[in-house]
Amino acid sequence: MKTTYTSLLIIAGLFSVIFLFNACAKPDNSAILPKEQQVVGTWSINRIQLKIYINGTFMMDTILKQTPNPVNYVSFDANGGFEYKFNTASADVGSYEFAGGGALITNSTPRSYNWTTLTLTNKLFTVVSKEPDPAFPGALVERYQTFVR
């Protein structure tokens, strides 16, 4: 009888703990907001991955080493302002806008960015761009970037 009572108390305790953790979890309501509102704020650049193709043939896959100077970030303000800083002392500054098909286009100096949005939640934002890169002459570079808050 005592063993049964103890087992029931343990099971009830486990259900209470599970219920408590589920009740305290904050739901991700980011899908409700339009993407123009979801991107607003400062995001840390978590990772940049390059996939390099020459004449349509995959050649190399690499992740860029981060050497923050002092931080790597991308920032979007509600009025269309944009800043991007990765491994440099100064940021690229300009404006941004969303175009059709999930495209995010920036007009900044000294470099502009044309990204396609892959993922956008309140904590994770991933984009890809496909363009030639002077560091890899004759190659097409897919640049996957992961931003987090």
For [X] and [Y], which heavy atoms make the closest approach, and how far apart are they?
X	Y	value
Leu64	Leu50	CD2-CD1, 3.7 Å
Ala139	Ile54	CB-CG1, 3.8 Å
Phe98	Val39	CZ-CG1, 3.6 Å
Thr106	Asn114	N-OD1, 4.4 Å
Asp133	Val141	CB-CG2, 3.6 Å

With rounding to the nearest 0.5 Å, note down the distance linking [atom1] in [X] to [atom2] in [Y].
X	Y	atom1	atom2	value
Asp61	Tyr144	CG	OH	9.0 Å
Phe136	Ile52	CZ	CD1	3.5 Å
Ser44	Phe147	OG	CZ	10.5 Å
Ser112	Phe82	OG	CZ	8.5 Å
Glu83	Ser95	CD	OG	12.5 Å
Arg149	Lys123	CZ	NZ	9.0 Å

If only atom types and distance count, is the side chain of [X] paired as donor or acceptor with the main-chain N or O of [Y] below 3.5 Å?
X	Y	result
Thr116	Ala103	no
Gln38	Leu33	yes
Thr117	Gly102	yes
Gln66	Asn46	yes
Asn79	Gly81	no

No-hydrogen, no-angle side-chain donor-acceptor test under 3.5 Å, Gln145 and Arg143: no
is_close_aromatic(Tyr84, Trp43), centroid dist under 6.0 Å: no
Electrostatic pair Glu97:Lys35 at N-O distance under 4.0 angstrom: no
Matching residue for Lys85 among Asn69, Asp92, Ile45 - test: side chain to side chain contact (heavy atoms under 4.5 Å, CB included): Asn69
Gln49 and Thr62: CA distance, side-chain angles, deciding distance, side chain to side chain contact (heavy atoms under 4.5 Å, CB included) verdict: CA-CA 6 Å; Gln49 177 181 3; Thr62 187; over 6 Å; no
Residue pair Ile105, Trp115: steps toward the side chain to side chain contact (heavy atoms under 4.5 Å, CB included) verdict: CA-CA 6 Å; Ile105 301 166; Trp115 294 321; over 6 Å; no
Met60, CE atom: more than 12 neighbouring heavy atoms under 6.0 Å: yes
From CA spacing to verdict: side chain to side chain contact (heavy atoms under 4.5 Å, CB included), Phe76, Leu104: CA-CA 11 Å; Phe76 303 91; Leu104 175 60; 3.8 Å; yes
